[in-house]
Amino acid sequence: QQQQQQQQQQQQQKQSQPSLPKLPRDEEEYADWLQDFLLKAGRTSLRALGASVMRPKKARPGRLKKFLLQHRGRFVIDLQGCVDVNRSRRRGWRAQAISGKRRLMPKHDDIFAPR
């Protein structure tokens, strides 16, 4: 009887254990999983994000930052290497040319004119 009870307990434990997580089928599903994780967990470092979300079999390891930069419309990477969801849905940070913002400089005579 004790052996039967032990076997039943072992079977119940096996049934209650969650199955191994599936891998995403393609890159779009992988991006969806990353976005879902970031919406739940908030701003996360690249290392923690890569360890938490399973990547598809076709994706090579160590290419998470490149993948996120390709999907700038969905993700933002800050200067500290942390990732968050791009809530503004813009392309993210872009460098602006110096000539893009014109400032009117006062003339030399206006500054140093006697009063």
Side-chain angles (χ1 to χ4, degrees):
Q1 285 180 339
Q2 290 178 352
Q3 289 178 352
Q4 290 176 351
Q5 289 176 351
Q6 288 176 353
Q7 288 176 355
Q8 288 176 353
Q9 288 176 353
Q10 289 175 356
Q11 288 175 356
Q12 289 175 353
Q13 288 175 353
K14 287 180 184 179
Q15 291 174 355
S16 64
Q17 289 178 350
S19 61
L20 293 175
K22 297 187 296 184
L23 296 175
R25 285 174 269 161
D26 56 356
E27 288 187 356
E28 268 313 303
E29 189 175 2
Y30 182 50
D32 291 339
W33 285 24
L34 289 171
Q35 188 171 1
D36 291 341
F37 179 82
L38 288 171
L39 287 173
K40 290 177 188 172
R43 184 175 157 208
T44 308
S45 68
L46 277 169
R47 181 180 291 227
L49 184 64
S52 300
V53 180
M54 302 289 289
R55 60 181 167 76
K57 279 190 173 182
K58 295 179 183 178
R60 294 174 49 196
R63 305 281 188 252
L64 179 59
K65 186 173 182 179
K66 185 177 178 182
F67 177 80
L68 294 173
L69 288 174
Q70 288 174 348
H71 294 83
R72 283 190 186 130
R74 296 176 82 168
F75 306 105
V76 175
I77 302 174
D78 63 8
L79 296 175
Q80 287 80 27
C82 294
V83 184
D84 200 4
V85 176
N86 187 359
R87 298 180 195 282
S88 68
R89 291 291 185 190
R90 293 186 184 156
R91 291 281 299 168
W93 184 83
R94 273 186 290 177
Q96 292 182 349
I98 295 172
S99 63
K101 292 184 180 179
R102 289 196 165 247
R103 295 183 180 156
L104 297 175
M105 297 296 292
K107 295 179 183 176
H108 185 269
D109 296 337
D110 294 339
I111 296 173
F112 296 107
R115 293 185 182 186

Could you note down all residue pairs passing salt bridge (Lys or Arg N to Asp or Glu O under 4.0 Å) where residues 59-71 supplies at least one of them, sequence neighbours left out?
-> none
Without placing hydrogens or testing angles, list every side-chain donor-acceptor pair under 3.5 Å for residues 23-30, not counting sequence neighbours.
unit_1 : atom_1 : unit_2 : atom_2 : d
Arg25  : NE     : Glu29  : OE1    : 3.2
Asp26  : OD1    : Glu29  : N      : 3.1
Glu28  : OE1    : Arg74  : NH1    : 3.4
Glu29  : OE1    : Arg25  : N      : 2.9

Result of checking Leu39, Val83, Leu49 against Leu34 for side-chain contact (heavy atoms from CB on, under 4.5 Å) = Leu49
Ignoring hydrogens and geometry, is there a side-chain-to-backbone donor-acceptor pair from Asp84 to Ile77 under 3.5 Å?
-> no
Donor-acceptor pairs under 3.5 Å, side chain of residues 50-59 to any protein atom, not counting sequence neighbours: which ones?
unit_1 : atom_1 : unit_2 : atom_2 : d
Ser52  : OG     : Ala48  : O      : 2.7
Arg55  : NH1    : Ala59  : O      : 2.8

Hits for salt bridge (charged side-chain N to carboxylate O under 4.0 Å, His left out) against Arg47, two or more places apart or cross-chain, chain-then-number order -> none
Parallel, tilted or perpendicular for Phe75 and His71, by the 30°/60° rule?
-> perpendicular
Using the side-chain contact (heavy atoms from CB on, under 4.5 Å) rule, pick out the option among Leu69, Leu68, Val76 that qualifies with Arg72.
-> Leu69
